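Data block below; observations after.
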Amino acid sequence: MTKTPEHITILIGSPKGIEKSNSARLAKGITTVLESARWTSKWFHTHQVLRSDESWDALLSSMARSDVILLAAPLYVDSLPAPVIETLYRLTQAKNALHRDGPPPKMLAILNCGFVEAQQNYTAQSMVRLFCEGMPFEWSGGISIGAGGAINKRIRSALTLAADALRDDILVPDAVDALTGKPMMPPWLYVFGGNFMWKRQAKANGLDAKRLGDRPYEDLSRRG
Ligand SMILES: Cc1cc2nc3c(=O)[nH]c(=O)nc-3n(C[C@H](O)[C@H](O)[C@H](O)COP(=O)(O)O)c2cc1C
């Protein structure tokens with residue numbers, strides 16, 4: 001009898017969606033490896049599954065036959081974007097439809113943030129881990145990426161290592177954390193580069209860069 005191919009469900013939680021987000025680019029680092037090992041994959045966008053019953057049902061049926069569920073999302077205000085939280089909440093309501101015989105699917109989260117330190121994502125990773133505890137899923141760990149999800153050689157190796165582990169059905173190695181936890185550049189240099197970018201944008205918009213720190217609404221908010 002031929003074995004059914006392994007399957008991964010990818011849930012993208014960025015408003016930029018599957019085509020344009022850093023989250024989706026990072027998720028591809030995992031799926032490329034699995035697809036070359038003949039896994040099947042199905043991609044969903046949190047914002048879309050919340051809007052359409054048809055997409056929601058398709059998500060549940062893909063999850064029910066998954067070996068791995070991958071959530072890839074940006075960090076928003078030290079947390080998960082609201083549509084991601086809403087999707088996770090709705091999944092807890094639908095969990096009976098996801099119970100099955102045999103081993104539960106593994107769940108992995110790739111979270112990326114704008115600041116250079118990957119550790120900014122840790123609280124949001126805990127949110128996904130706690131979600132998993134209440135679900136018929138096995139938490140496989142989180143991959144946290146800083147610097148706007150920029151992919152260099154180290155990040156690419158980390159994603160490949162994680163994908164290899166998922167493919168081989170073994171624990172995601174600690175080396176993944178070691179590779180992603182190192183800032184891409186010294187934080188002062190990142191802030192310097194960021195400030196340079198803001199000043200350039202101010203100039204391009206005909207504004208005085210010295211006034212970037214202005215708070216024109218401060219007095220109004222004090223008056224209530
Ligand atoms: C509304 C909003 C809130 C954000 N909050 C944070 C934050 O708290 N910490 C941080 O490091 N980056 C923050 N960012 C930056 C994003 O996490 C970052 O740009 C990320 O790479 C976007 O990924 P995406 O392309 O997958 O959406 C925020 C961005 C937006 C638009």
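Counting starts at 1 for both ligands and their atoms, in listed order. Numbers for residues simply follow the sequence, beginning at 1. All of these numbers come straight from a predicted model, not from anything done at the bench.
Taking only non-hydrogen atoms, the option from Val77, Ile12, Leu75 nearest to atom 16 (C) of ligand 1 is Leu75. Comparing Gly114, Gly13, Gly17 against atom 19 (O) of ligand 1, the shortest heavy-atom distance belongs to Gly114.
Looking only at heavy atoms of the protein, atom 27 (O) of ligand 1 is closest to Ser14 OG, 2.6 Å. Taking atom 8 (O) of ligand 1 as the reference point, the nearest protein heavy-atom neighbour is Asp78 N, 2.9 Å. The nearest protein atom to atom 22 (C) of ligand 1, hydrogens excluded, is given as Pro74 CB, 3.6 Å; this is a heavy-atom distance. Protein heavy atom at the shortest distance from atom 20 (C) of ligand 1 is Asn112 OD1, 3.1 Å. Lys16 NZ, 2.6 Å is the protein heavy atom nearest to atom 25 (O) of ligand 1.
Inter-residue side-chain proximity for Asn22 and Ile145 is flagged as unmet; no heavy-atom pair is nearer than 4.5 Å. Side-chain contact between Asp169 and Lys106 is present, with heavy atoms from C-beta onward closer than 4.5 Å.
If you number the atoms of ligand 1 from 1 as listed, the ones under 4.0 Å from a heavy atom of Gly148 come out as 21 (O).
In terms of polar-atom proximity, defined here as any N/O pair under 3.5 Å, Tyr76 makes no such contact with ligand 1. Looking at Ser23 next to ligand 1, an N or O pair under 3.5 Å apart turns up. Among the atoms of Phe115, some N or O lies under 3.5 angstrom from an N or O of ligand 1.
More than 12 non-hydrogen atoms from other residues, nucleotides or ligands lie less than 6.0 angstrom from NZ of Lys28.
Between the side chains of Ser41 and Thr31, no donor-acceptor pair is found at a separation under 3.5 Å.
Here the options are Ile143, Ile8, Leu34, the test is side chain to side chain contact (heavy atoms under 4.5 Å, CB included), and the partner is Leu70; only Ile8 passes.
Between Arg129 and Glu133 there is a salt bridge, since at least one side-chain N of the basic residue sits less than 4.0 Å from a carboxylate O of the acidic one. With salt bridges taken as basic N to acidic carboxylate O contacts below 4.0 Å, none links Asp208 and Arg211.
Taking hydrophobic clusters as Ile, Leu, Val, Met, Phe, Trp and Tyr residues chained together by side-chain heavy-atom distances below 4.5 Å, Met135 shares a cluster with Leu88.
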